[in-house]
S.K.: 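Just dropping this structure here.
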Amino acid sequence: MKPFARVLGALILASLVSLPGCIQAEEAATLMPDGSGKLTLKFALKKSMLEMFAQLGKAGGDEKPADPFDQFRDPAKLKANGEGIAAWGEPKKEEDADWVRVSIAGYFEDINKVKMYSEAAPGGDAKKKLSFGAKYEKAGDGGKLTMSSELTDDFRKMGKDAGGGGNEELAKAMVEAMKPMLEGLKISMSVTVPGPVEDSGGFLEKKDRTATFALEGKTILDAMTDSKGPAAKKLESFGAATEKGTSVTWTKTTLGADDIAAFKNEMGAAKESWEKRLKDAESKKKDK
């Protein structure tokens, strides 16, 4: 099973839809004028899904099946998931009768150096895919932020490949097979920049300083049912836009000095905590 922390944004869909059950995921990136910022990841898994993982693990001979949320707790695994993250905050976990939810924030000093991958690839495995990258270009009092991902092809293929090659019975069977995986699925990605968003290619909504793309499992199922319908066109248009990079532009900075200072203090505290957690984890490793 692919680690859950190796997911970013639009980005994570390829990993998530390969897993059965209900999954909800949210990525929110916040950019400061100097290129620093924060990436917040939120995930929710149904308890019934976690129980399924445990049963499959035991069936495979694992006495203690892996907990997918371990990816958020282990500093070494968090560090291995990407580049350019100066500090990961403490994960926060909540649960109710049906769901287990976790959220975590990663802090960066230069968004141009942030790279996250869909699969861990020790030793520089050439097969790893970039799931999140960014290019920040300042322009006067504004700027342009362009995101990139090698996983966007998966969006474009979903609606196309679900047609069953013209075989209606095959297409129908594929839709039925995918329902348990996609019902309840919710994926969202948002970017908040230093000023009001003017253009937001690849995103579906914009409000003040934030551009957002949100996708639900129903949209994918509808696209699979009707490869020429509105849902399929939605996926196709998003894929076409992101093929050249999903971008957000703004011409003036409205983020206040107090907000910037508060963020700097927050990141400073996160760095101190992160360094301590890394040292503690290394000490435990040596003691084993």
Side-chain angles (χ1 to χ4, degrees), residues 1-9 11-12 15-16 19 23-32 34-45 47 49-50 53-54 57-58 62-96 99-125 128 130-134 260-288:
M1 183 175 59
K2 295 179 181 178
F4 280 65
R6 295 173 190 148
V7 280
L8 284 258
L11 339 185
I12 56 178
S15 298
L16 294 180
L19 301 174
I23 302 175
Q24 296 180 355
E26 176 185 342
E27 175 205 62
T30 302
L31 179 70
M32 297 290 113
D34 65 354
S36 63
K38 177 171 68 173
L39 186 65
T40 302
L41 305 177
K42 297 181 180 180
F43 294 89
L45 299 178
K47 288 185 175 180
M49 184 177 180
L50 291 171
F53 287 158
K58 290 179 180 179
D62 294 334
E63 291 297 326
K64 186 179 180 181
D67 180 350
F69 291 112
D70 282 344
Q71 298 296 327
F72 297 99
R73 290 187 285 264
D74 187 341
K77 291 179 181 178
L78 283 171
K79 189 176 181 180
N81 287 337
E83 304 168 10
I85 299 296
W88 285 102
E90 290 276 6
K92 298 179 181 179
K93 188 176 180 181
E94 299 177 349
E95 59 181 283
D96 55 30
W99 291 85
V100 178
R101 297 179 174 85
V102 66
S103 63
I104 191 168
Y107 297 82
F108 52 84
E109 296 177 328
D110 183 355
I111 196 169
N112 291 306
K113 296 180 180 179
V114 177
K115 287 181 172 55
M116 301 296 290
Y117 301 99
S118 62
E119 295 182 2
D125 188 339
K128 68 180 179 181
L130 179 72
S131 61
F132 179 88
I260 294 173
F263 169 74
K264 294 300 182 184
N265 290 334
E266 180 183 338
M267 182 165 67
K271 284 182 178 180
E272 289 184 12
S273 174
W274 176 240
E275 288 299 323
K276 183 178 184 302
R277 288 158 58 203
L278 285 175
K279 290 180 180 178
D280 290 345
E282 186 62 27
S283 295
K284 291 180 179 179
K285 184 178 179 181
K286 291 179 178 179
D287 292 339
K288 289 184 178 181

S.K.: Can you tell me how far the CD atom of E27 sits from the CZ atom of F43, to the nearest 0.5 Å?
M.R.: 8.5 Å
S.K.: What residues form a side chain to side chain donor-acceptor pair (under 3.5 Å) with D96, not counting sequence neighbours?
M.R.: R101
S.K.: Testing the basics here: between A281 and P75, what is the closest heavy-atom pair and its distance to 0.1 Å?
M.R.: CB-CG, 4.2 Å
S.K.: Any idea which heavy atoms bring V102 and P91 closest together, and the distance?
M.R.: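 Residues V102 and P91, closest heavy atoms: CG2-CB, 4.1 Å.
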S.K.: With T30, which residues qualify under side-chain contact (heavy atoms from CB on, under 4.5 Å), at least two apart?
M.R.: M32, T192
S.K.: Using every non-hydrogen atom in the two residues, find where L39 and F108 come nearest and quote the distance to one decimal.
M.R.: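 Where L39 meets F108 most closely, the heavy atoms are N-CE2, 4.1 Å.
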S.K.: If you take all heavy atoms of S36 and F263, which pair is closest and at what distance?
M.R.: OG-CE2, 3.7 Å
S.K.: Suppose we screen for side chain to side chain donor-acceptor pair (under 3.5 Å). Which residues come up paired with R277, at least two apart in sequence or across chains?
M.R.: none
S.K.: List in chain and number order the residues that pass salt bridge (Lys or Arg N to Asp or Glu O under 4.0 Å) with D74, two or more places apart in sequence or in another chain; answer none if no residue qualifies.
M.R.: none
S.K.: Quick one: list whatever passes salt bridge (Lys or Arg N to Asp or Glu O under 4.0 Å) with E95, sequence neighbours left out.
M.R.: K47
S.K.: Which residues satisfy the salt bridge (Lys or Arg N to Asp or Glu O under 4.0 Å) test with K264, sequence neighbours excluded?
M.R.: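 Applying salt bridge (Lys or Arg N to Asp or Glu O under 4.0 Å) to K264 gives D34.
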S.K.: Among residues at least two apart in sequence or on other chains, which ones pass salt bridge (Lys or Arg N to Asp or Glu O under 4.0 Å) with E275?
M.R.: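 Salt bridge (Lys or Arg N to Asp or Glu O under 4.0 Å) list for E275, sorted by chain: empty.
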S.K.: Could you pull out all residues at least two apart from E266 that satisfy side-chain contact (heavy atoms from CB on, under 4.5 Å)?
M.R.: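 With sequence neighbours excluded, E266 shows a side-chain contact (heavy atoms from CB on, under 4.5 Å) to K38, Y107, given in chain and number order.
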S.K.: Which pairs count as salt bridge (charged side-chain N to carboxylate O under 4.0 Å, His left out) when at least one residue sits in residues 104-116, sequence neighbours excluded?
M.R.: E109-K271
S.K.: Considering residues at least two apart in sequence or located in another chain, which fulfil the side-chain contact (heavy atoms from CB on, under 4.5 Å) criterion with D280?
M.R.: K276
S.K.: Tell me if the NZ atom of K93 is crowded by more than 12 foreign heavy atoms within 6.0 Å.
M.R.: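 Yes, NZ of K93 has more than 12 neighbouring heavy atoms, counting only those of other groups under 6.0 Å.
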S.K.: Evaluate side-chain contact (heavy atoms from CB on, under 4.5 Å) for L78 paired with I85, printing each intermediate quantity in order.
M.R.: CA-CA 9 Å; L78 283 171; I85 299 296; over 6 Å; no
S.K.: By side-chain contact (heavy atoms from CB on, under 4.5 Å), which residues pair with K42, not counting sequence neighbours?
M.R.: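 For K42 the side-chain contact (heavy atoms from CB on, under 4.5 Å) partners, ignoring immediate neighbours, are E26, T40, S103.
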